[in-house]
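Each chain gets a letter, A, B and so on, in the order the sequences are listed, and its residues count up from 1.
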Amino acid sequence: MCGRFVSTTPPAALARHLRVDEVRTEALEPSWNVAPTDPVYAVSETTEGSRLLGTYRWGLVPPWAPAPSIASRRINARAETLGSKFRGPFERRRCLLPADGFYEWERRPDGTKQAWLIRRRDRAPMVFAGLWDLWRSAQADEVLRTCAIVTTRANLLLGPIHDRMPVMLAPVDWELWLDRHHTDTVSLRRLLEPADDRQLEMFEVSSRVNSVRNNGGDLVTPISRR
DNA sequence: CCAGACGTTGTT
DNA sequence: GTCTGG
DNA sequence: CCAGACGTTGTT
DNA sequence: GTCTGG
């Protein structure tokens with residue numbers, strides 16, 4: 001799964017990396033501990049085909065939700081069940097979420113848990129497959145643009161610590177994933193495979209990342225096993 | 001994902 | 001145990 | 001027809 | 001809103 005990640009790359013650099021046409025967001029504070037309900041960068045396409053970088057709130061709140069409190073339970077969307085869950089967003093509102101790394105927690109046999117950071121060996125941003133939607137309050141005085149990260153089974157690197165991981169899309173697949181006119185879920189589903197583990201590295205980090213109140217570059221410092 | 005709350009009335 | 005907030 | 005869910009992970 | 005279960 002993916003319930004916490006790193007976002008420190010500024011929007012201009014993300015726009016370049018993701019070949020965005022227009023930046024429609026202010027810079028967010030760099031964060032080494034992005035948590036559900038936080039604002040995050042995501043790239044989506046307009047119906048006219050322009051690729052935009054914007055700010056979304058993490059945790060997909062569907063239009064029918066009475067309140068946005070549902071967000072914290074919809075931070076991920078399983079690739080395997082996208083046909084029935086998140087169907088609307090899967091067919092028409094897909095996005096890309098850049099991240100400089102993400103955390104997974106390993107459950108050890110003794111009941112303790114260990115936080116790990118996973119990032120690209122080349123330190124470039126990784127690009128998660130995402131879904132988004134719009135929510136309006138009953139009085140329509142509040143509008144939320146929210147998103148979820150698509151997950152799949154773990155690859156060989158993550159397998160020993162966890163059985164799920166976010167879907168990372170290669171540049172060659174970005175266009176199809178973003179294409180709002182492409183609603184053929186069969187071909188979209190083919191993109192939702194575990195990433196090649198050779199491009200990734202993974203190491204243990206401090207349990208300080210456990211609390212969303214902690215932040216800073218020290219959260220991604222490797223620690224050694226005792 | 002993890003952390004932290006989880007309850008109401010009335011009185012200060 | 002389960003839900004909410006971050 | 002109406003009621004109730006609508007989500008994932010992990011643990012048992 | 002829309003789907004599933006009863």
Would you check if R120(A) and E201(A) make a side-chain contact, meaning some heavy-atom pair closer than 4.5 Å? no
What nucleic acid atoms does [X] come within less than 4.0 Å of, heavy atoms only: base, sugar-phosphate, or nothing?
{"X": "F5(A)", "result": "nothing"}
{"X": "L60(A)", "result": "nothing"}
{"X": "P63(A)", "result": "nothing"}
{"X": "A115(A)", "result": "nothing"}
{"X": "S84(A)", "result": "nothing"}

For atom [atom1] of [X] and atom [atom2] of [N], their distance in whole Å:
{"X": "D133(A)", "N": "dG7(D)", "atom1": "CG", "atom2": "P", "result": "12 Å"}
{"X": "R164(A)", "N": "dT11(D)", "atom1": "CZ", "atom2": "P", "result": "15 Å"}
{"X": "L131(A)", "N": "dG7(D)", "atom1": "CG", "atom2": "C1'", "result": "13 Å"}
{"X": "E80(A)", "N": "dG7(D)", "atom1": "CD", "atom2": "P", "result": "14 Å"}

Which value, in whole Å, describes the distance between the [atom1] atoms of nucleotides [N] and [M]?
{"N": "dG10(B)", "M": "dT2(C)", "atom1": "P", "answer": "32 Å"}
{"N": "dA5(D)", "M": "dC3(C)", "atom1": "P", "answer": "11 Å"}
{"N": "dC1(B)", "M": "dT8(D)", "atom1": "C1'", "answer": "11 Å"}
{"N": "dT11(B)", "M": "dC2(D)", "atom1": "C1'", "answer": "47 Å"}
{"N": "dT9(B)", "M": "dG1(C)", "atom1": "P", "answer": "30 Å"}

Any side-chain donor near an acceptor of the partner, D133(A) and T146(A), under 3.5 Å: no
Under 3.5 Å side-chain donor-acceptor pair for D184(A) and S187(A): yes
Any salt bridge between D196(A) and R198(A), counting N to O under 4.0 Å? yes
Flag yes if more than 12 heavy atoms outside [X] fall under 6.0 Å of its [atom1] atom; otherwise flag no.
{"X": "E142(A)", "atom1": "CD", "result": "yes"}
{"X": "R189(A)", "atom1": "CZ", "result": "yes"}
{"X": "E175(A)", "atom1": "CD", "result": "no"}

Between W64(A) and D163(A), which residue's closest nucleotide on DNA chain D lies nearer the 5′ terminus? W64(A)
Joint hydrophobic cluster, I118(A) plus F128(A), side-chain heavy atoms closer than 4.5 Å: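 Cluster IDs for I118(A) and F128(A) match.
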Does anything in residues 62-91 of chain A form a side-chain hydrogen bond (donor to acceptor under 3.5 Å, both in side chains)? List the pairs, not counting sequence neighbours.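 Non-adjacent pairs meeting side-chain hydrogen bond (donor to acceptor under 3.5 Å, both in side chains): E80(A)-R164(A).
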Writing each nucleotide of DNA chain D 5' to 3' as (, ), [, ], | or . by Watson-Crick or G-U pairing under 3.5 Å yields ||||||......
Distances for protein N or O near nucleotides 3-6 of chain E N or O, under 3.5 Å:
none

Can a cation-pi geometry be assigned to R4(A) and Y103(A), taking NZ or CZ under 6.0 Å from the six-membered ring centre and within 45° of the ring axis?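 Cation-pi check for R4(A) and Y103(A): fails.
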So, is T37(A) near the phosphate of dC1(B), with a side-chain N or O under 4.0 Å from OP1 or OP2?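 Result: no.
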Can a side chain N or O of R73(A) be found less than 4.0 Å away from OP1 or OP2 on dG7(D)? no
Could I get the full list of ring pair (Phe, Tyr, Trp, His ring centres under 6.0 Å) partners for W58(A), not counting sequence neighbours?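 Residues passing ring pair (Phe, Tyr, Trp, His ring centres under 6.0 Å) with W58(A): F5(A).
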Those residues that, when tested against A12(A), pass side-chain contact (heavy atoms from CB on, under 4.5 Å) (two or more places apart):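 A12(A): side-chain contact (heavy atoms from CB on, under 4.5 Å) contacts with R16(A).
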Distances under 3.5 Å between nitrogen or oxygen atoms of protein and nucleotides 2-4 of chain B:
residue : atom : partner : partner atom : Å
dC2(B)  : OP1  : R107(A) : NH2          : 3.3
dC2(B)  : OP2  : R107(A) : NH2          : 3.0
dC2(B)  : O4'  : R4(A)   : NH2          : 2.9
dA3(B)  : OP2  : K113(A) : NZ           : 3.2

